[in-house]
K.L.:
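I have a structure I would like to understand better, so I am pasting it below and will then ask my questions one at a time.
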Amino acid sequence: MLKVISRLLSSLAVKEEIVGRSSYMDFQATTPLDPRVLDEMMPYLTYEYGNPHSRTHAYGWNTEKAVEKARKQVADILKCDSKEIVFTSGATESNNTALKGVAKFNLQKGKSKIITVQTEHKCILDTCRHLQEEGFEVVYLPVDKHGLIDLELLDKTIDEKTSIVSIMTANNEIGTIQPVAEIGKICRNKKVLFHTDAAQAIGKINMDVNAMNIDLLSLSSHKLYGPKGIGALYVRRKPRVRLNPLINGGGQERGLRSGTLAPALAVGLGAACEIASIELQSDTDHITQLAKKFYKVIIEKVPDVILNGHPVHRLCGNLNLSFAYVEGESLIMALKHLALSSGSACTSASLEPSYVLRAIGVSEDLAHTSLRIGIGRFTTEAEIDYAIELVEKHVKKLRELSPLWEMVQEGVDLQNIQWSQPK
Amino acid sequence: MLRLVKYAIPFRRYHEKVIEYYENPKNAGSFDKNDKSVGTGIVGAPACGDVMKLQIKVKDGKIQEAVFKTFGCASAIASSSYATEWITGLTLDEAINLKNTDIAKYLQLPPIKLHCSMLAEDAVKAAVRDFQKKDEKK
């Protein structure tokens, strides 16, 4: 009887596949929580539940101690003082606080110009757009084909009305790392505040806010194997950076960010920063070796692949590749055993291809073909080998389905064709 | 023993049929475009992320075979593949009656992917028109 039922049920099942999850290769989107970080967080999720701002009992004192320890850990990775760290809910909030806070404060000094870059993260661009609506002037600097800004142009653009310059350290899509030390020097010479969104860079490259002349810095916990829901903003004290707080309330975080802190999350961020600074070199070596292997084998086996972003100054774990004549979304669907993302229009909510790829001058048809592979601390060599095998197989299959590939094989110059416009 | 069967990777955004058409595309291929019995329709643009090439082989006013090649997302591949299936065996007049809504309904395309089915409809019409033009020249 049981046999009949099981046979019936298995015949009803449409597909039988191995139970499991796809291999995670999207470390720029987020990172898993490092088990050691979870260990540090556990007491504050269970028996240490005091409010860190409670002054009158041990519940509060214990959690306050833990938060201050975490603050020191975050300060150490930036080589600054712990009094200069403000905990926020994430890099988006830190970016908003930095830009809006400084812009509004400096308005009284007659400074109303903000300089940023076309390839910044959406939270910066949207904040700037909002400030533009409020009457501020915003300049979006262009980038070259590798994603780097022109330092001379930056120098020329800064004037006496400039309030703040915001340039991200490392780009999340194409991985390009900006020359922050040089940018910091230019800004310091011109006596303009320099803010950088270092969410992708912390834990991957050595940051020193004093050597790099950085005045404000945003970081995000979930990009460095910490918990989601917390980030930090570094605000320089010597010389003091003044800004209007975004959130008003009880005056926590030196009045810059009111609200009860989550000790568990803060401890998680602190622990993640400490682990990241200890393991920075070994992580970098491991990731670079895997990324180099992947890139080297793929360009050997698959023709017409282009790496987007700077070939040298880039995040070791970021590989943004354009596979010509194959559309990005169909490739991601084909690579169903890998968790990746793409710069293709179909995968964004609108039908526009990635603005970062457009800003670096990638032609529209190539922008639709890109794939972003993110390698991290926990990626194994077996996953990379598997990924190489899958990518090679499916790019070949999709190229066989592609009329563009066929035309190119026949010698047709795709740039000179009159395409029909969709009605 | 009863074995619990699960989908390994949850495809929340794609319908089964779309996945099926990608894994096993029907009628993917090419005919010789210079052949007098072949009509070729190429629609879309790489800049938009969708290019469909649909070809028909016509004999005695009926479409004997249809093939396609597509540069586009899974829904575009599925739409063009399904279009070739739908028109095989029909006369030219019947073939141009293929509406994008038929394709969208069969593949259960979400609103954001409806343009893929529209492009497939355009591809069919373009192929038929191309054949008719060749036919008139004879």
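Values below: every heavy atom of this structure, side chains too, minus hydrogens, waters and symmetry copies. Convention: sequence-line order gives letters A, B, ...; per-chain numbering from 1. None of the values given here were measured: they were computed from a predicted structure.
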K.L.:
Between B:S30, B:G29, B:A28, which has the largest tally of heavy atom pairs under 4.5 Å with chain A?
P.N.:
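Winner by heavy-atom pair count: B:S30.
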K.L.:
To check you understand the geometry: which heavy-atom pair defines the closest contact between B:A74 and A:S330, and what is its length?
P.N.:
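Taking every non-hydrogen atom into account, N-CB, 4.0 Å.
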K.L.:
Report yes if the side chains of B:I42 and A:P403 come closer than 4.5 Å at any heavy-atom pair, otherwise no.
P.N.:
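Sidechains of A:P403 and B:I42: no contact.
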K.L.:
Where does A:A339 contact chain B at under 4.5 Å (heavy atoms): side chain, backbone, both or neither?
P.N.:
neither
K.L.:
Determine, stepwise, if the pair A:L398 / B:F71 fulfils side chain to side chain contact (heavy atoms under 4.5 Å, CB included).
P.N.:
CA-CA 8 Å; A:L398 281 167; B:F71 163 84; over 6 Å; no
K.L.:
Got a second to check how far A:E406's CD is from B:K53's NZ, nearest 0.5 Å?
P.N.:
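It is 3.5 Å, given to the nearest 0.5 Å.
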K.L.:
What's the shortest heavy-atom distance between B:C73 and A:E329, and which atoms?
P.N.:
CB-OE1, 2.9 Å
K.L.:
About how many Å separate CD of A:E327 and CG of B:D50, when rounded to the nearest 0.5 Å?
P.N.:
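It comes to 6.5 Å.
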K.L.:
Check this for me: A:K397, atom NZ, are more than 12 non-hydrogen atoms of other residues, nucleotides or ligands nearer than 6.0 Å?
P.N.:
yes
K.L.:
Answer yes or no: are there more than 12 heavy-atom neighbours, outside B:K26 itself, under 6.0 Å from its atom NZ?
P.N.:
yes
K.L.:
Taking the side chain as C-beta and beyond, is there a heavy-atom pair between A:M333 and B:I77 under 4.5 Å?
P.N.:
no
K.L.:
Does B:K17, at its NZ atom, have more than 12 non-hydrogen atoms belonging to other residues, nucleotides or ligands within less than 6.0 Å?
P.N.:
yes
K.L.:
Do other residues, nucleotides or ligands put more than 12 heavy atoms under 6.0 Å from the NZ atom of B:K99?
P.N.:
yes
